[in-house]
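Single-structure report; data block below.
Atoms considered below: every heavy atom in the structure, side chains included; atoms not considered: hydrogens, waters and symmetry mates.
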There are 2 protein chains.
Amino acid sequence: MRSAYIAQSTHCQPFAEDTMPNDTTRRYHHGNLRQAVIDTALQLADESGDERISLREVARRIGVSSGAPFRHFADHAALMTAIAEEATVRLRLMVDRDQHQSPPAAIERLRTLGHSFLAWALQHPTSFRLVSARRLYDFNASPALKSHFQAVRERTVTLVMQAQSEGDLQHDVAPERLALMLRSAVYGMARMHVDGQLAQWGVGPRAARRELQATLDALIDGFRRNRPR
Amino acid sequence: MRSAYIAQSTHCQPFAEDTMPNDTTRRYHHGNLRQAVIDTALQLADESGDERISLREVARRIGVSSGAPFRHFADHAALMTAIAEEATVRLRLMVDRDQHQSPPAAIERLRTLGHSFLAWALQHPTSFRLVSARRLYDFNASPALKSHFQAVRERTVTLVMQAQSEGDLQHDVAPERLALMLRSAVYGMARMHVDGQLAQWGVGPRAARRELQATLDALIDGFRRNRPR
DNA sequence: ACCTGAACACCGTTCAAGT
DNA sequence: ACCTGAACACCGTTCAAGT
């Protein structure tokens, strides 16, 4: 997803130029400025820990004029939308991959789904904040974003219903409500982490992933009908 | 907490001037500019729905020069800290008041605590976002913020331990973990609301409070040991 | 003691002009 | 077709100068 010239621009892979067309070196006039802006913005966000990156600084780092990005993005929100889309695709791929490796029981796949979401949020905290807060871009303007999110949401509801009919999950609560409850808990855990609230709860950054996964496991186990796991 | 001249400046309460000292009308040179800045910033945030308000716009609305607020706030973050402190005091007062009116059983007081938190977040969505995201101010630099948050957190853990020893809550999970789980769920619900994610889950803005309270109730009931409520 | 208003270094965004 | 660079209207912040 990240283009090859990014590797070159960081001077980490001396052989990267072999894989590039020679005539596009240090020139973004041939159709790849769009991706360069996205990659550099992501890089900048990861470095600073702030999802609110400046288009001017992106342009500066790429070595292009301040107005150039506006050839490829209508405004700041459009760039943020593109970044949010890439991050959401990563979530979707992660979820799909992990689901294939999960034990088949619906309640275990539900647990796996939660773990995937947590891992995604903790691995890409800045992207997660951008995507989830939805203040720097127009969520409803992106069909891709909507469809990826709906897919994850529908998978959650479906797994809850399956786990209920498999007798592993309480069935005295509507599946939609149970799904929202689980999602809220997982979302809340991820947000407490990126919002820096876990320190107050005695959870250091090193232990965050392990601790949150254990907390999610306790939640799911608490809602099991057949207690033995 | 809001000063009287704010009511006057909105022209909604024609008798407000009776309650003011006459010689301070339209003059902020006598020690009340600080509070005026806080009140106007809060007002602006509530109107726009954006917690990231501009100091220049606040000054403009008050009718003061752009540099004036810097007499009372070291920088933008210091103003945000003051706003966050006021919002957190409101949470603390709300929690204390509701606890006094709650049924005495620890598990019911835990439920009440969750409802208070939800009500606070839904009543002041912009303040909640400011306070919780912690990106526009320095949380650790405010002893008041830290102490209010610690008080709510400690109350949560204490109530969980009490509910466990009263036999109403599963005791096979460490109280700190159970408390973090409940807090994450409630925090996640509140954030899903202010982040505009509830629409995707079939919950309209009108039904949000009722639906989230019911979801929280389902969570607590799911963790009861004595099922009958 | 408190506020003014110009100044500085930043933004996002637009647009004629260049290649 | 794509980018430059000046321009405009905004920011936060500083500070000499005023009252």
### Least distance between heavy atoms, B:Arg134 atom then A:Gln200 atom
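For B:Arg134 versus A:Gln200, the nearest heavy atoms are NH1-OE1, 2.9 Å.
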### Message
Under a 4.0 Å threshold between the charged nitrogen and the carboxylate oxygen, would A:Arg177 count as salt-bridged to B:Asp217?
### Response
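No salt bridge links B:Asp217 with A:Arg177.
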Can you measure [X] atom [atom1] to [N] atom [atom2] for me and round it to whole angstrom units?
X: A:Asn32; N: D:dA1; atom1: CG; atom2: P; value: 18 Å
X: A:Leu44; N: C:dC11; atom1: CG; atom2: C1'; value: 14 Å
X: B:Arg60; N: C:dT4; atom1: CZ; atom2: P; value: 14 Å
X: B:Asp50; N: D:dC11; atom1: CG; atom2: C1'; value: 14 Å

What are the atom names and distances for every N/O pair under 3.5 Å that joins the protein to nucleotides 12-15 of chain C?
from, atom 1, to, atom 2, distance (Å)
C:dG12, OP1, A:Leu55, N, 2.9
C:dG12, OP2, A:Ser54, OG, 3.4
C:dG12, OP2, A:Leu55, N, 3.3
C:dG12, OP2, A:Arg56, N, 3.0
C:dG12, N7, A:Arg56, NH1, 2.6
C:dG12, O6, A:Arg56, NH1, 2.7
C:dT13, OP2, A:His76, N, 2.6
C:dT13, O4, A:Arg56, NH1, 3.2

#### Entry: Exercise: do A:Thr156 and A:Arg183 side chains pair donor with acceptor under 3.5 Å
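Short answer, no.
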#### Entry: Expected output: side-chain A:His193 to main-chain A:Met189 donor-acceptor under 3.5 Å
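Not confirmed, A:His193 side chain does not pair with A:Met189 backbone.
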### Query
Between the side chain of B:Tyr187 and the main-chain N/O of A:Tyr187, is any donor-acceptor distance below 3.5 Å?
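Absent.
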### Task
Determine, for B:Trp120 and B:Arg90, whether the Lys NZ or Arg CZ falls below 6.0 Å from the six-membered ring centre while staying within 45 degrees of the axis.
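No, B:Arg90 does not sit over the ring of B:Trp120.
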### Message
Partner lookup for D:dC2, please. Criteria are Watson-Crick or G-U wobble with both distances under 3.5 angstrom; report none if nothing qualifies.
### Response
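Paired with C:dG18.
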### Watson-Crick or G-U counterpart of C:dC11, or none if no pair lies under 3.5 Å
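Looking at the geometry, C:dC11 pairs with no nucleotide.
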### Message
Measuring to OP1 and OP2 of C:dC2, would you say a side-chain N or O of B:His72 lies under 4.0 angstrom away?
### Response
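Indeed not, no polar side-chain atom of B:His72 lies that close.
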